[in-house]
Chemist: 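Once you've had a glance at the structure underneath, I'll fire off some questions.
All residue numbers refer to positions in the sequence shown, counting from 1. Just so you know, these numbers come straight off a predicted model, no measurement behind them.
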Amino acid sequence: MREQTIRAIELAAGLGLFLSACLYAMTMLSVLDSGLTAAAAMTEEQNAGVSSFSAVSESIEPYFTGSEVLFTLREVQSGQLEAVIDGLRFAPGTELESMDLSVIDLDGRYAADYHREGNGAVDLIRFVKVR
């Protein structure tokens, strides 16, 4: 009788563990299914093709403000490159405090033209005010 009771308790514990594992697996499947349903709902309206941008075919020229041109002159002062701003030449190593910088309109827009050395390094930047 004692052995039958032990076997009945073991069977009940095993059955309880099996049922709880089955319920846990069903809960996990339900969570995964709801996640997949939510992901499918979010991507339902998306186009499966690759979108191209029309801006690639347009020529977009970079413009600089007058204040950006002044910051570029700091590189001229350090001797890294030469700049020409509306015909006024700034040689490498130029002391900016001794130059008349009133030709630079801080609110103006400037188009840049870059001249490069043989190795590709920029040695001259020409800024022309866009009118």
Side-chain angles (χ1 to χ4, degrees):
M1 177 92 166
R2 183 170 185 262
E3 288 181 26
Q4 288 180 341
T5 306
I6 292 174
R7 288 198 189 262
I9 292 174
E10 288 175 352
L11 182 64
L15 187 61
L17 287 174
F18 177 75
L19 289 176
S20 63
C22 288
L23 287 175
Y24 180 75
M26 288 176 54
T27 304
M28 285 292 112
L29 288 175
S30 173
V31 168
L32 288 174
D33 184 51
S34 64
L36 290 174
T37 304
M42 287 189 323
T43 60
E44 187 174 321
E45 298 293 323
Q46 289 182 352
N47 185 6
V50 176
S51 300
S52 62
F53 295 98
S54 61
V56 173
S57 62
E58 298 175 8
S59 79
I60 301 172
E61 290 206 21
Y63 292 107
F64 298 93
T65 63
S67 60
E68 291 172 328
V69 171
L70 280 175
F71 278 112
T72 304
L73 286 179
R74 286 293 174 196
E75 293 182 25
V76 171
Q77 187 178 16
S78 67
Q80 295 178 3
L81 53 93
E82 184 178 358
V84 177
I85 302 171
D86 280 338
L88 183 61
R89 183 171 296 273
F90 293 90
T94 302
E95 290 295 326
L96 296 179
E97 289 76 20
S98 64
M99 299 290 294
D100 181 23
L101 299 176
S102 63
V103 296
I104 301 172
D105 181 13
L106 293 179
D107 295 323
R109 291 184 341 156
Y110 290 86
D113 181 33
Y114 300 97
H115 293 277
R116 301 183 182 275
E117 297 175 351
N119 63 359
V122 175
D123 65 340
L124 175 96
I125 302 177
R126 181 166 306 170
F127 291 103
V128 179
K129 187 172 182 180
V130 179
R131 295 183 177 26

Chemist: Would you mind listing every salt bridge (charged side-chain N to carboxylate O under 4.0 Å, His left out) that reaches into residues 76-95, with sequence neighbours excluded?
Modeler: Glu82-Arg89
Chemist: Take Thr72 and Ile85 through the side-chain contact (heavy atoms from CB on, under 4.5 Å) test and state the conclusion after the steps.
Modeler: CA-CA 11 Å; Thr72 304; Ile85 302 171; over 6 Å; no
Chemist: Ignoring hydrogens and geometry, is there a side-chain-to-backbone donor-acceptor pair from Thr37 to Asp33 under 3.5 Å?
Modeler: yes
Chemist: Is it true that Leu11 and Leu19 fall in one hydrophobic cluster, defined by side-chain heavy atoms closer than 4.5 Å?
Modeler: no
Chemist: What's the separation between atom CD1 in Ile9 and atom CZ in Arg7, rounded to the nearest 0.5 Å?
Modeler: 12.5 Å
Chemist: Tell me who clusters with Leu32, hydrophobic residues only, linked when side chains sit under 4.5 Å apart either directly or through other members.
Modeler: none
Chemist: Taking transitive links into account, so neighbours of neighbours count too, which hydrophobic residues share a cluster with Met28 at under 4.5 Å side-chain distance?
Modeler: Tyr24
Chemist: Is there a chain of hydrophobic side chains (I, L, V, M, F, W, Y, each step under 4.5 Å between heavy atoms) that links Leu101 to Tyr110?
Modeler: yes
Chemist: Suppose we screen for side chain to side chain donor-acceptor pair (under 3.5 Å). Which residues come up paired with Asp107, at least two apart in sequence or across chains?
Modeler: none
Chemist: Under 4.5 Å between side-chain heavy atoms, counting indirect links through other Ile/Leu/Val/Met/Phe/Trp/Tyr residues: same cluster for Leu73 and Val103 or not?
Modeler: yes
Chemist: Please report the interatomic distance CG(Leu81) to NE2(His115), rounded to the nearest 0.5 Å.
Modeler: 12.0 Å
Chemist: Would you list the atom pairs, donor with acceptor, under 3.5 Å between side chains in residues 118-128 and any protein atom, with sequence neighbours excluded?
Modeler:
residue	atom	partner	partner atom	Å
Asn119	OD1	Ala121	N	3.1

Chemist: Using the test side chain to side chain donor-acceptor pair (under 3.5 Å), find all partners of Ser102 that sit at least two apart in sequence or belong to another chain.
Modeler: Asp100
